[in-house]
> 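Got a structure for you, questions after.
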Amino acid sequence: MLRQVLHEGLRTSFHKLGHFVANHPVFFASAPVLISILLGASFSRYRIEENVEYLLAPKHSLAKIEGNLVDSLFPVNRSKHTLYSDLQTPGRYGRVIVTSRRGSILDPHYVDLVLKLHHTVTQLQVPMLGFNYTFNHLCLLDDAKSCIVDDIVHALTETQTARAANRSAPPLRYPITSLRDGREAYIGHQLGGVQPSAGGRDGVRVARALQLTYYLQAVSPLNEVVAARWEVAFCGELEHFGQQHPELALYPFTSSSLQRDFQRTSRVAERPLLFSLAVCLALAVLCCSMRDCVRTKPWLGLLALVTISLATLTSAGIFNLSGGKYNSTYLGIPFVMLGHGLFGTFEMLSSWRRTREDQHVKERVAAVFSDCLLPFTASTALHLVTFGIGASPFTNIEAVRLFCRNACLSVLLNYLYILTFFGSNLVFAGYLENNYRHSLFCRRVPKPELLQQKPAWYRFLMYTQYNEGPTSEPDMQAYESHLLVAFMKRYYCDWITNTYVKPFVVLFYLVYVSFALMGYLQVSEGSDLSNMVATDTSTIAYMRAQQRYFSSYSPVIGFYIYESIEYWNNSVQEDLLEYTKGFERISWFESYLNYLHGLNVSASLSPRNFTERLRSGFLRQPRYLHFSDDIIFARRADGDFEVVASRMFLVAKTTENKREEMAILLDTLRKLSLTSRIKFIIFNPSFVYMDRYASSVGAPLKNSCIAALFLFFFSTFLAADPLVNAWLTVTVASVEFGVVGFMTLWRVELDCVSVLCLIYGVNYAVDSSAPMVSAFVLGREHSRTRWVKLALERHGVPALQSYLCYGAALLPLAAVPSNLTRTLFRCLFLTMLITAFHCLAILPVLLTFLPPSKRKKRDKKRSGDSREEIECVEMEDSTRVVDQITTV
């Protein structure tokens, strides 16, 4: 009883709201336009978020804490040349992968070209404030105040020098080689596509690619500006060098390439988005048009898109005034608003057709508000709850949190503008219809007897069905000329409820579930940053070359011992060697033990002798001098020195699935650090993106689904029938399960963009199915099949209209050359397609034989034609069975 009272109370409130809007249509039509124009002027404050790590890396992760600890011991900016990472190297730098079109990159001709390229880059000049800056002014310096360059350059220089002197060059080993000064250097990330010689890993026979990195330092704001300009000049010079030497393929990459190509998606998507709006606009006008020139509503189809556009402009203005910064993930917000707004506007238009034409316009608008706004308000509240949970501080990825926050604001404004702006325009359209004026030209249509005297073209343009007498029921015959209404009522409703069609629909649903399950079991996380950038960019070209030639080894992993341990102890030495076994190692500790072994000195020295030989003997040797940066000494109270912290570098052998293997390796080493008696941490700049990415990117979706479930549960005490929420919960679960499964089969990974689409999928499924389910569950006096047909007639047409317009708006996204929009298109298109399949096929079939049951009633007529309705059996007066028992 309480549910019915509350339900009727809300309907009455919306009825009064409709009266209020109908009494002040000019104000509610002009106020949103003025607000949008005023707030649209704030685009002068348009700013772009340039920090990709801030957007896409988990905010709260152990890797960031470890990075801060590592930076306090061994500054990462000074050691980034040894702590190699693919895309996440900190600071400014320029990088290029050089490949040979034919033959080995180590052939003499190519070696000369690579060294010429190196010389060209180091002599590159950047004018600034009357001074020409070169690489020597900006480079990262070593302890000897010399520019740090890659070890492969030294190795190639030695090879060229030896060839010029007609002597044999030292062999180039892989992945660790020895230089002329005796120093061992890791070149696994500098030499790629390697085919070892007959001696195995001790020599290189052929190499297809070579990578050079030029590290810069930005110690002042001026230096930062110069370094940024140097990166631009670096890319331009490489392009020019590639044109001069077509036998080389060059793939440049800089510290700003990822940010630039991430934001490029917004620029390349401008024209497709405008085309998308135009296509959706044209289709919305067609969906609202019909043969009857009075009852057709093409302007309302146009104004539905105008309403959504005004809401988008207003939310963007508020976002600008609040100091927000744009990023490419915001491209999905207009489609969130479009899906939400189309359902609301088409439902209002459908409800308008069901009102009585002899009523006053204000009464008709109030009836529309009373009929439509209750489910539309509930779905808007669900949008705010799900996106609000995603915008909470519990969301660990900033891009997801910012998107959800702005989506909440946009959906709220969209809801208010549909109530006010679209509602007031519905009033104006109603006055045109009640006065029998042409919906396009606003000219009064002559009565039939006068219209017959006009020419044929005039009769064609002014065709309408006059209905001036009072009616007790809405005359739906007048709207039969609407193509979709006629299709749904005359053909589709009877076809989908046919006894022989239902088994095939159920069978098709089982096939859908099996394929969705197959995809669901293959879901993988998408922490690869290349999924977020435009496709035809230097970042994608570089990533493909990186994957092709340099996937044999992982990024360099820093192994940091952050407390004093007994390095001289045999058991500690064995533990350290055991931990690093199986890796390619650049280790001062292992080199020191080999150094002692070469002197025939036992490694089990006293603490004082161990440290003294390390400081005074080992680190004074030229070949081991570079290890001085890997050890931190401290003087004790007794005057002796001890090693308080040290680091080593490890490289793992990997395959093409480098990122997945790195995530597993990170988790394994983390667990080892918790159980080991040696306190160590591991770090690489790429760990900031990998650490807890799966849990961080999936948490907003999980929290939003839980919030939606709780909302459904608590709203059962407020809804007119609890079975409405039960059916909505089942529908949403089935739709989300299918979207996750099929997007995996469509090669879409679980990243922040796909998670945002899945959050929206919950709301889209509720928007689409709530009116139909409510109409069926709350219906009385007829059989299930009859109420399924009535629900489809009332709400199937607006749902079909919104699917057509939304799908047409999504199609231009597929032409945008960007991985981000590709993910956006595939996820949203699957959401639309699967939701349409559920609402137009699965639900109508299942509701004919699953609860709730309808009240049995026999309607005995006085005439000879008697028709009996018994729950699931419908028969006519003849021997032909129209609908047999529909129980499966």
> Using a distance-only test with no angle check, is there a side-chain donor-acceptor pair under 3.5 angstrom linking Y251 and S538?
no

> Cation-pi check for Y553 against K653: NZ or CZ below 6.0 Å from the six-membered ring centre and within 45 degrees of the axis, yes or no?
yes

> Does a donor on one side chain and an acceptor on the other come within less than 3.5 Å for S255 and E231?
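Result is yes, a qualifying pair exists.
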
> State, without any angle test, whether N570 and S604 hold a side-chain donor-acceptor pair at a distance under 3.5 Å.
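On atom types as modelled, these side chains qualify, holding a pair under 3.5 Å.
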
> Could you label the plane-to-plane angle of the W230 and F135 rings as parallel, tilted or perpendicular, counting under 30° as parallel and over 60° as perpendicular?
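Ring orientation, 0 to 90° scale: tilted.
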
> What pairs of residues pass the side-chain hydrogen bond (donor to acceptor under 3.5 Å, both in side chains) test when at least one of them lies in residues 216-227, not counting sequence neighbours?
R92-E224

> How about E239: does its CD atom have over 12 heavy atoms from other parts shown lying under 6.0 Å from it?
no

> Please state whether the rings of F687 and F683 are parallel, tilted or perpendicular, taking 30° and 60° as the class boundaries.
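F687 and F683: perpendicular rings.
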
> Could you check whether any side-chain heavy atom of Y560 comes within less than 4.5 Å of a side-chain heavy atom of L73, counting everything from C-beta outward?
no

> Would a 4.5 Å heavy-atom cut-off, applied to side chains only, mark L117 and L248 as touching?
no

> For Y110, is there any backbone N or O sitting under 3.5 Å from a side-chain donor or acceptor partner on D107?
no

> If we ignore hydrogens and angles and just use 3.5 Å, is the side chain of S676 paired with the main-chain N or O of L672 as donor and acceptor?
no

> Quick one: do the N594 and S591 side chains pair a donor with an acceptor below 3.5 Å?
no

> With distance as the sole test, does N819 use its side chain to make a donor-acceptor pair with the main-chain N or O of S530 at under 3.5 Å?
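Yes, because the side chain of N819 sits within donor-acceptor range (under 3.5 Å) of the backbone of S530.
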
> Between Y174 and Y186 (judged by ring centroids, cut-off 6.0 Å), do the two rings come close enough to count as a pair?
no

> Could you pull out all residues at least two apart from F649 that satisfy ring pair (Phe, Tyr, Trp, His ring centres under 6.0 Å)?
none

> Without swapping roles, check the side chain of E749 against the backbone of S524 for a donor-acceptor pair under 3.5 Å.
no

> Looking only at heavy atoms, what is the nearest atom pair of C147 and L141, with distance?
N-CD2, 4.1 Å

> Do L138 and V226 have side-chain heavy atoms sitting under 4.5 Å apart?
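They are in side-chain contact.
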
> Quick one: does M128's side chain get under 4.5 Å of V225's, heavy atoms only?
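Yes, at least one pair of side-chain atoms sits under 4.5 Å.
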
> Distance alone, cut at 3.5 Å: any donor-acceptor contact between the side chains of H154 and E158?
no

> Aromatic rings H137 and Y133: how do their planes relate, parallel, tilted or perpendicular, breaks at 30° and 60°?
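The arrangement is perpendicular - the two ring planes meet at more than 60°.
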
> Is it the case that the side chains of T744 and Q522 hold a donor-acceptor pair, with the cut-off being a distance below 3.5 Å and no angle test?
no

> Mind checking what makes disulfide (SG to SG under 2.5 Å) contact with C235, not counting sequence neighbours?
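Testing C235 for disulfide (SG to SG under 2.5 Å), a comparison that skips the adjacent residues, returns none.
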
> Mind checking what makes ring pair (Phe, Tyr, Trp, His ring centres under 6.0 Å) contact with Y84, not counting sequence neighbours?
H189

> Are any of the side-chain heavy atoms of L665 and T654 separated by less than 4.5 Å?
no

> For E642 and S564, which I'm curious about, is there any donor-acceptor pair between the side chains at under 3.5 Å?
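Yes.
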
> Please check: side-chain N/O of N684 versus main-chain N/O of V556, any donor-acceptor pairing under 3.5 Å?
yes

> Between R163 and D112 (salt bridge meaning N to carboxylate O under 4.0 Å), is one present in this structure?
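So R163 pairs with D112 through a salt bridge.
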
> Is any side-chain N of the basic residue among D667 and K671 closer than 4.0 Å to the acidic one's carboxylate O?
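Result for this pair is yes, salt bridge flagged.
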
> Testing L62, I682, I557 one by one against L666 for a side chain to side chain contact (heavy atoms under 4.5 Å, CB included), which residue passes?
I682

> Classify the ring geometry between F610 and Y567 as parallel (under 30°), tilted (30 to 60°) or perpendicular (over 60°).
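Taking Y567 first and then F610, their aromatic rings lie parallel (interplane angle under 30°).
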
> Under a 4.0 Å N-O cut-off, is there an ion pair linking R670 with E66?
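A salt bridge is present here (some side-chain N lies under 4.0 Å from a carboxylate O).
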
> Taking atom CZ of R229 as the centre, does the number of heavy atoms from other residues, nucleotides or ligands within less than 6.0 Å exceed 12?
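No, the 6.0 Å shell around CZ holds no more than 12 heavy atoms from other groups.
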
> Check the side chains of S551 and Q547 for a donor-acceptor pair under 3.5 angstrom, ignoring hydrogens and angles.
no

> Would you mind checking if E590 and R585 are paired as a salt bridge, meaning a charged N to carboxylate O distance below 4.0 Å?
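A salt bridge is present here (some side-chain N lies under 4.0 Å from a carboxylate O).
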
> Do you know which two heavy atoms are closest between L605 and W568, and how far apart they sit?
O-CB, 3.4 Å

> Any cation-pi pair here, R615 with F641, using under 6.0 Å and within 45°?
yes

> Please tell me if the side chains of I397 and K59 come closer than 4.5 Å, counting only heavy atoms from C-beta onward.
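Side-chain contact under 4.5 Å: no.
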
> Around atom NE2 of H597, are there more than 12 heavy atoms of other residues, nucleotides or ligands at under 6.0 Å?
no

> Is any side-chain N of the basic residue among D575 and R677 closer than 4.0 Å to the acidic one's carboxylate O?
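Between R677 and D575 there is a salt bridge, with a charged N closer than 4.0 Å to a carboxylate O.
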
> So does R613 have more than 12 non-hydrogen atoms from other groups sitting under 6.0 Å from CZ?
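Open.
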
> Can you give the donor-acceptor pairs under 3.5 Å from side chains of residues 97-104 to other protein atoms, not counting sequence neighbours?
unit_1	atom_1	unit_2	atom_2	d
T99	OG1	A249	O	3.4
S100	OG	G103	O	2.7
R101	NE	P246	O	3.0
S104	OG	L106	N	3.1
S104	OG	A207	N	3.1
S104	OG	A207	O	3.2

> Between Y93 and T254, is any pair of side-chain heavy atoms under 4.5 Å apart?
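Sidechains of T254 and Y93: no contact.
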
> Name all pairs fulfilling the salt bridge (charged side-chain N to carboxylate O under 4.0 Å, His left out) condition that reach into residues 175-187, sequence neighbours left out, sorted by first residue then second.
D151-R183, D181-R183

